[in-house]
Amino acid sequence: MSHIPFGYTIQNGRAVINEEEAVKIKKLFEVYLSGLSLSEAAQKVGIKRYHTSVARMLADKRYVGDKFYPPIISRDIFEKAQLERRKRAEAFGRIYEHKGDEKKCLNFKFQFSIPDKQYNDPFKQAEYAYSLIKSEVILDDNQECYGNSCP
């Protein structure tokens, strides 16, 4: 069984809204949307959780309702909170999106032959084996080279 979210209890195998906690959840969304930080919003409504737990609460779709959990907040409020979280994350530079024009990784092909010499010292044998490796750098689409192994 998964963790029961704040705002619900299980009675007779069914999720039931805990009215006292549900009021705090509704207020949490409202206060967060008014501009307070995650920690400040939780503190103001009387929820004693760390900021990461509050972030997970704001992102928890179960508060809108599903087959097991009855709804505590409206989908509209939930969506507004998600947009606000995204907006704040972007403002702090915490969102990374691949832009497609970034440099690509290099592919390497290695070729080596069976060692002709055998050493009793494993370090000398490894050094000799590595000396036989010949690498070929395959350049990316822009024909640029990276690292120390460039031709």
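One is the number of the first residue; the rest follow in order along the sequence. In this text the structure is predicted, and so the values were computed from the model without any measurement.
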Treating Tyr8 as the side-chain partner and Pro70 as the backbone partner, does any N or O pair qualify as donor plus acceptor under 3.5 Å? yes
Using side-chain contact (heavy atoms from CB on, under 4.5 Å), reason through Ile4 and Thr9 one step at a time and then give a plain yes or no. CA-CA 7 Å; Ile4 306 304; Thr9 58; 5.8 Å; no
Could you pull out all residues at least two apart from Arg14 that satisfy side-chain hydrogen bond (donor to acceptor under 3.5 Å, both in side chains)? none
Indicate the atoms forming the closest heavy-atom contact of Pro5 with Arg62, along with that distance. CG-CZ, 3.4 Å
Are Glu21 and Lys24 within salt-bridge range, i.e. N to O under 4.0 Å? no
Please report the interatomic distance NZ(Lys44) to NZ(Lys27), rounded to the nearest 0.5 Å. 7.0 Å
Kindly say whether Lys87 contributes a backbone atom to a donor-acceptor pair with the side chain of Glu90 at under 3.5 angstrom? no
Answer yes or no: is there an ion pair linking Asp76 with Lys80, defined by an N-O contact shorter than 4.0 Å? yes
If you compare all heavy atoms of Arg85 against all heavy atoms of Ala59, which two are closest, and at what distance to 0.1 Å? NH1-CB, 3.3 Å
What do the steps show when you test Ile47 against Phe6 for side-chain contact (heavy atoms from CB on, under 4.5 Å), and what is the final call? CA-CA 9 Å; Ile47 297 175; Phe6 184 85; 3.8 Å; yes
If you round to the nearest 0.5 Å, how far is CD of Gln118 from NZ of Lys124? 14.5 Å
Exercise: identify the closest heavy-atom pair between Phe78 and Asp60: CE1-O, 3.4 Å
Applying the 4.5 Å side-chain criterion to the ILVMFWY set and letting contacts propagate, would Leu83 and Met57 be lumped into a single cluster? no
Atom CG in Leu38, atom OH in Tyr50: separation rounded to 0.5 Å? 15.0 Å
Given side chains that start at C-beta, do those of Leu28 and Leu58 come closer than 4.5 Å, heavy atoms only? yes
Relative to the ring of Tyr63, is the ring of Phe29 parallel (under 30°), tilted (30 to 60°) or perpendicular (over 60°)? perpendicular
Side-chain heavy atoms of Asp66 within contact of Lys61, under 4.5 Å: no
If you round to the nearest 0.5 Å, how far is NE2 of His51 from CD of Gln43? 14.0 Å
Restricting to side-chain hydrogen bond (donor to acceptor under 3.5 Å, both in side chains), what partner residues turn up for Arg88, sequence neighbours left out? Glu84
Cation over ring face, Arg94 and Phe92, 6.0 Å, 45°: yes
Should Tyr32 and Glu40 be marked as a side-chain contact (heavy atoms from CB on, under 4.5 Å) after you check the CA-CA gap, both sets of side-chain angles, and the distance that decides it? CA-CA 8 Å; Tyr32 178 75; Glu40 292 171 334; over 6 Å; no
How long is the straight-line distance from CD1 of Ile73 back to CD of Glu79, given to the nearest 0.5 Å? 9.5 Å
Could you tell me which residues satisfy side-chain hydrogen bond (donor to acceptor under 3.5 Å, both in side chains) with Ser39, sequence neighbours excluded, listed by chain and number? none
Tyr69 to Ala15 - nearest heavy-atom pair and separation: CD2-CB, 3.6 Å
CD1 on Ile72 to CD1 on Ile17, rounded to 0.5 Å: 5.0 Å
Inspect the surroundings of CD in Glu127 and state if more than 12 heavy atoms from other residues, nucleotides or ligands are less than 6.0 Å away. no
Single-linkage hydrophobic cluster Val64~Val23, side-chain heavy atoms < 4.5 angstrom: no
Start with the C-alpha distance between Tyr128 and Asp116, add both sets of side-chain angles, then the distance that settles side-chain contact (heavy atoms from CB on, under 4.5 Å), and finish with yes or no. CA-CA 10 Å; Tyr128 172 67; Asp116 295 330; 3.8 Å; yes
